[in-house]
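The structure appears below as structure tokens.
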Protein chains: 2
Amino acid sequence: MAVSKAEIERRMKRFAETCRTGGLKTTHQRMEVFRELAGAETHPDAETIYRHVRRRVPAISRDTVYRTLATLEEQGLVHKAEIVSGRGRYDANMEHHHHFICTACGRVHDFYSPTLDDLPIPKSVSALGRVESTQVQLRGLCTNCAKDKR
Amino acid sequence: MAVSKAEIERRMKRFAETCRTGGLKTTHQRMEVFRELAGAETHPDAETIYRHVRRRVPAISRDTVYRTLATLEEQGLVHKAEIVSGRGRYDANMEHHHHFICTACGRVHDFYSPTLDDLPIPKSVSALGRVESTQVQLRGLCTNCAKDKR
DNA sequence: CTCTAAATAGGAACCATTCCGATTAAAGAA
DNA sequence: TTCTTTAATCGGAATGGTTCCTATTTAGAG
């Protein structure tokens, strides 16, 4: 189930909008990096994004990809999940969602749950600091890897 | 509030026990790396552990620290949290707990909640794979960093 | 069209982690 | 205790992801 055309369209519009209001130049490279994420569901890492975008923008540099991802995150256009093996993974799905992480292949799957979006935070936490975001991480063997094991 | 003497004692015993049953040699280096974590509450990273242990075992190598941490994790003696900036952080607290991560300083604080230990996992997740562990991550500004900002 | 600040390319640098080959030492057997 | 086996260690080189640096390019304002 790929991201729908309409959703990609919507995300690209938001990108253009954010560039304008944020005073960012809408460079070809920037646009293509975001487009890559707007249509992805696999939480690709920077290297994967780099390889894919290079097909369309052959001269793009890794540095640009990394810088652009950081900029997009600052602007709230993409989400960076620091999950496994120190390799950041990105997605353009800004709805509140949670992650199922496969302990074998490292793949990250989104899932949704209104209940989990609004967790009962214990009082003791207020002593630690002010909570700005919450996220649930589930770990286990994904269906694919479970199949391979047999 | 440091880890109590009794708790450290208990953890060291478990370490010795696990080495025996797991067929691991209880080397001086191994013991000191674990001792460092048994008494820590700060989720130190490998480099920090290395620097501390080196006071007691001056010739210890980074490789040994990294290998030992991996071994201890395999044996279920320590817990590795992959949280920020690709730097693994370790703790010897094996009770089910959750993390409050400061978005400014990156420090990780544990907190406990029986309610959060047993989350209602949405049915849709079963299509993704078999859940083996659950964890809640809260992000925000810790009290310390909030103070500094003012 | 011109100008300027922002952004990019490409390669060097950086840093955490892992690998490798030679050496050491834990622990079971004698 | 001493011997033997083999896991574990050391230290430095290698790796891989990410960031930095500087010259060059370009988006967008005027």
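All values derive from a computational prediction rather than experimental measurement.
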For atom [atom1] of [X] and atom [atom2] of [N], their distance in whole Å:
| X | N | atom1 | atom2 | result |
| --- | --- | --- | --- | --- |
| Leu69(A) | dG17(D) | CG | P | 15 Å |
| Glu32(A) | dA9(C) | CD | P | 12 Å |
| Arg51(B) | dT17(C) | CZ | C1' | 16 Å |
| Asp45(A) | dG17(D) | CG | C1' | 9 Å |
| Arg30(A) | dG28(D) | CZ | C1' | 13 Å |
| Ile60(A) | dG11(C) | CD1 | P | 15 Å |
| Arg20(A) | dA6(C) | CZ | P | 19 Å |

Looking only at non-hydrogen atoms, find the nearest pair between [X] and [Y] and report the distance.
| X | Y | value |
| --- | --- | --- |
| Ala46(B) | Val65(B) | O-CG1, 3.8 Å |
| Ala38(A) | Met12(A) | CB-SD, 4.2 Å |
| Ala40(B) | Val3(B) | O-CG2, 3.9 Å |

Worksheet item: Taking Thr143(A) for the side chain and Ala127(B) for the main chain, is one N or O donor matched with an acceptor at less than 3.5 Å?
Response: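 Flag set: sc Thr143(A) to bb Ala127(B) pair under 3.5 Å.
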Fill in: Axis-to-axis angle between the two ends of the helix from dC1(C)-dG30(D) to dA30(C)-dT1(D) (five base pairs per end, rounded to 10 degrees)
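If I round to tens, the end axes sit 30° apart.
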Discussion item. Let's see if you get this right: which residues in residues 21-29 of chain B place a heavy atom under 4.0 Å from DNA chain C?
Written reply: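 DNA chain C contact set from residues 21-29 of chain B: Lys25(B), Thr26(B).
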Worksheet item: Hey, mind stepping through Tyr50(A) and Arg54(A) against side-chain hydrogen bond (donor to acceptor under 3.5 Å, both in side chains) and telling me if it holds?
Response: CA-CA 6 Å; Tyr50(A) 169 66; Arg54(A) 208 167 38 162; 3.2 Å; yes
Worksheet entry | Distance flag, aromatic centroids of Phe111(A) and Phe100(A), threshold under 6.0 Å |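 They do not qualify: ring centres at least 6.0 Å apart.
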Discussion item. For His79(A), run the ring-ring contact (aromatic ring centres under 6.0 Å, His included) check against His98(A), His97(A), His96(A) and tell me which one passes.
Written reply: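 Exactly one pass, corresponding to His97(A).
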Worksheet entry | His99(B) and Gln137(B): CA distance, side-chain angles, deciding distance, side-chain hydrogen bond (donor to acceptor under 3.5 Å, both in side chains) verdict | CA-CA 5 Å; His99(B) 288 139; Gln137(B) 283 191 7; 5.3 Å; no
Worksheet, complete the sentence: In B/S/- notation (B base, S sugar-phosphate only, - none; protein heavy atoms under 4.0 Å), nucleotides 18-23 of chain C written 5' to 3' is BBB---
Item to complete: Is it possible for you to say whether Val33(B) and Leu24(B) belong to one hydrophobic cluster, with membership spreading through side-chain heavy-atom contacts below 4.5 Å?
Response: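 In one cluster with Val33(B): Leu24(B), no.
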Fill in: Side chains of Phe15(B) and Arg35(B) in contact at under 4.5 Å (non-hydrogen atoms)
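No, too far: nothing below the 4.5 Å cut-off.
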Item to complete: Please say which of Thr68(B), Leu37(B), Ile60(B), Thr64(B) ends up in a side chain to side chain contact (heavy atoms under 4.5 Å, CB included) with Val53(B).
Response: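 Checked Thr68(B), Leu37(B), Ile60(B), Thr64(B) against Val53(B); only one passes side chain to side chain contact (heavy atoms under 4.5 Å, CB included): Ile60(B).
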